[in-house]
Student: 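Sending over a structure as structure tokens; questions will come in a sec.
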Amino acid sequence: MTGMHGGQVAIVGASETGRIGVVPDQSVIELHADAARRAIADAGLTAADIDGIATAVPFPVEVSHYLGITARWLDGTMVGGCSFMLHVRHAAAAIAAGAATTVLITHGESGRSRVGAVPYVRGPASPSGQFEQPFGAMTPYATFTVPALRFLHERGMDRRDLAEVVVAQREWAAGNPRAFRRKPTTVEEVLDGPPIAYPFTREMCCVVTDGGGALVMVSAERAADLPGGGHPVYLLGSGEASEAPLMSQMDDPGSFGAFRRASAEAFATADVSHADIDHFMGYDAFAHLPLYMLEDVGFVGRGESGAFIAEGHTRKGGSLPMNTNGGGLSYTHTGMYGMFAIQEAVRQLRGEAVSQVPGARISFVQGVGMFFAAAGSLVLSNRQP
Amino acid sequence: MPIDMYNTFCLIQLIDGGQMTQGPEPLPTPDTEPFWAGTRAGELRLQRCGACGRYFFFPRPFCRFCQSPEVAWQVVSGKGRLVSYVINYRPLPPARPDQPLVIALVELEEGPRLLTNIVGTEPVPENLPLDAPVSVTFEVRGEQALPMFRLDGEAAA
């Protein structure tokens with residue numbers, strides 16, 4: 001009997017789309033397929049081997065049919081940008097339970113060019129349409145950002161702490177030809193940039209891009225037999241959590257309970273501690289999120305996140321290399337960034353990253369979705385425990 | 001420009017919704033209609049649980065804390081404090097970029113938190129200290145009235 005955690009299920013195929021950034025000649029479904037076909041090939045498999053499919057948008061049947069896959073297990077979990085963390089977790093459970101043997105997880109989004117994109121509409125009778133949108137909370141930069149001042153205020157922190165996040169992550173992006181923003185920057189430059197929604201300036205907001213990514217997961221036992229499965233990345237532990245569908249109704253604007261709950265379950269199921277983590281991916285649609293995550297996931301104490309980043313601990317050679325692709329702030333952000341955070345963790349654990357963390361063995365991936373509505377956490381490793 | 005893309009994306013939503021005069025207008029549902037009936041009458045009404053005594057938001061026919069169906073609408077004080085905010089320099093039309101919008105979280109004295117706008121003050125950070133006391137005011141939006149807030153001590157316009 002296979003369990004879902006403890007390294008008994010593995011990611012054996014992983015790829016992003018061939019191009020990311022500005023890709024006006026590929027539709028959403030083409031981006032899904034581009035990444036999926038690369039990930040299946042990366043695993044040394046064919047489409048005929050896939051018997052499970054998971055994706056967030058569009059519906060999984062649209063993706064499976066387009067690819068010529070007949071699935072016997074489908075997961076359309078949609079909780080925003082961390083949907084893919086949940087898909088990995090659900091796929092592991094399905095494989096452990098025998099409901100599927102070979103699961104494909106896909107993401108494709110034409111976030112910038114909007115080619116074949118489905119509008120994300122929340123009507124005027126929805127909770128958001130009644131209680132947030134009438135007040136101008138319609139765009140991510142004017143909604144997801146609202147709690148940030150509270151977080152900073154309660155800790156005696158300020159806008160410089162947001163700027164430090166941008167500066168640290170830009171350092172990782174600087175050498176990465178696929179990163180959208182690569183030019184090294186300074187705290188002053190970030191603070192002096194075009195104001196978007198105080199306290200946020202432009203560089204504190206993510207890039208908006210086109211692209212996609214896909215993963216293939218099988219049992220560790222099956223991974224060992226795959227021709228192309230020479231570099232499995234094992235799922236040690238995972239967690240997921242929900243909170244409120246409206247940002248205004250999160251239990252505490254200065255700390256996100258779903259980060260705490262999802263990450264605690266991931267650590268517990270993985271049976272690892274914070275000191276065991278070599279590499280951290282923290283979903284950064286806006287610059288306040290890594291600050292919340294470092295504290296809520298428990299890498300630092302309350303109020304220590306800003307200094308931790310400013311002192312260089314998340315940069316090259318630091319104790320917790322974070323967002324080593326440059327993150328959503330610099331690398332790419334199609335709208336649902338979670339897939340790219342997982343892809344970078346896989347690359348780091350395979351030793352294939354552009355900015356490689358030497359000897360990375362365990363990576364922690366923290367996702368967030370639908371502003372502060374949901375969270376998903378993964379503990380991944382290149383070795384079985 | 002990322003922000004322009006977001007604008008385009010959200011404009012589609014607005015146009016689809018067909019509400020382009022002052023901004024989107026809420027469409028009440030059976031569970032929320034008493035709240036909007038209150039704002040139209042110039043009152044802020046919230047539900048309070050008869051079993052555990054807590055106020056909650058947004059509206060529903062039972063208490064989200066203790067599940068009791070014994071809930072009743074009550075007029076509340078309309079007083080609260082400024083918990084957090086952004087000053088949106090890129091508001092969507094019909095709001096204008098030269099009129100930055102303060103999108104705020106206000107925690108009412110009775111406990112629940114609302115997303116709202118701070119009006120009646122120049123939208124600059126110096127005027128908006130966190131934890132400042134605020135009081136409700138109502139702005140007509142189409143057939144509805146939206147609960148917005150003023151800093152206490154600011155003269156009513």
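As the structure is a prediction and not an experimental result, all values here were calculated from the model. Lettering follows sequence order; numbering is per chain, from 1.
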Student: Could you go through the side chain to side chain contact (heavy atoms under 4.5 Å, CB included) check for W36(B) and Q130(A) one step at a time?
Tutor: CA-CA 10 Å; W36(B) 295 112; Q130(A) 291 192 59; 2.8 Å; yes
Student: Please give me the minimum heavy-atom distance between P253(A) and V83(B), naming the atom from each residue.
Tutor: CG-CG1, 3.9 Å
Student: Taking only residues two or more places apart in sequence, or in another chain, which ones meet P125(B) in a side-chain contact (heavy atoms from CB on, under 4.5 Å)?
Tutor: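 Residues passing side-chain contact (heavy atoms from CB on, under 4.5 Å) with P125(B): Y198(A), Y85(B), I87(B).
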Student: Non-hydrogen atoms of chain B under 4.5 Å away: do they reach the side chain of L246(A), the backbone, both or neither?
Tutor: side chain
Student: Supply the atom-to-atom distance C205(A) SG to R90(B) CZ, rounded to the nearest 0.5 angstrom.
Tutor: 9.0 Å
Student: Select all residues of residues 46-72 of chain B having any heavy atom within less than 4.5 Å of some heavy atom of chain A, and report them by number, or 'none'.
Tutor: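 Under the 4.5 Å heavy-atom cut-off, F57(B), F58(B), P59(B) qualify.
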Student: Walk me through it: do F135(A) and L146(B) pass the test side chain to side chain contact (heavy atoms under 4.5 Å, CB included)?
Tutor: CA-CA 8 Å; F135(A) 304 96; L146(B) 304 181; 3.8 Å; yes
Student: Is the backbone of A197(A) close enough, under 3.5 Å, to the side chain of N88(B) for a donor and an acceptor to pair up by distance?
Tutor: no
Student: Do any N or O atoms from the side chain of S84(B) and from the backbone of V146(A) form a donor-acceptor pair under 3.5 angstrom?
Tutor: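 Such a contact is found between S84(B) side chain and V146(A) backbone.
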Student: Under 4.5 Å heavy-atom distance to chain A, tell me which part of P123(B) shows up: side chain, backbone, both or neither.
Tutor: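 Contact with chain A involves no heavy atom of P123(B) at all.
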Student: Decide yes or no on side chain to side chain contact (heavy atoms under 4.5 Å, CB included) for L130(B) and R150(A), but give the supporting numbers first.
Tutor: CA-CA 8 Å; L130(B) 294 196; R150(A) 189 75 215 168; 4.0 Å; yes
Student: P26(B) versus P134(A): any side-chain heavy-atom pair under 4.5 Å?
Tutor: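 Yes. Closest side-chain heavy atoms under 4.5 Å.
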Student: Return the option, out of G129(A), P195(A), A244(A), P199(A), with the maximum number of heavy-atom pairs under 4.5 Å with chain B.
Tutor: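 Looking at each of G129(A), P195(A), A244(A), P199(A) in turn, P195(A) comes out on top.
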Student: For the residue pair L149(A) and V86(B), establish whether any side-chain heavy-atom pair is separated by less than 4.5 Å.
Tutor: no
Student: Which answer fits L101(B), side chain, backbone, both or neither, if we ask what part of it has an atom under 4.5 Å from a heavy atom of chain A?
Tutor: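 Just the side chain, heavy atoms under 4.5 Å.
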Student: Is A148(A) in contact with chain B via its backbone, its side chain, both, or neither, using a 4.5 Å heavy-atom distance?
Tutor: backbone
Student: State the CG-CD distance between L114(B) and E132(A), to the nearest 0.5 angstrom.
Tutor: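 Nearest 0.5 Å value for the CG-CD distance: 10.5 Å.
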Student: Does CD belonging to E33(B) count more than 12 external heavy atoms closer than 6.0 Å?
Tutor: yes
Student: Looking at D131(B), L82(B), V106(B), which one has more heavy-atom pairs under 4.5 Å with chain A than the rest?
Tutor: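 If we count pairs closer than 4.5 Å to chain A, D131(B) comes out on top.
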Student: Among all residues two or more places apart in sequence or in another chain, which pass the side-chain contact (heavy atoms from CB on, under 4.5 Å) test with P34(B)?
Tutor: W73(B)
Student: Could I get the full list of side-chain contact (heavy atoms from CB on, under 4.5 Å) partners for T185(A), not counting sequence neighbours?
Tutor: V166(A), V167(A), R170(A), E189(A), V190(A)
Student: Any chance you could measure L115(B), atom CG, to Q249(A), atom CD, to the nearest 0.5 Å?
Tutor: 9.0 Å
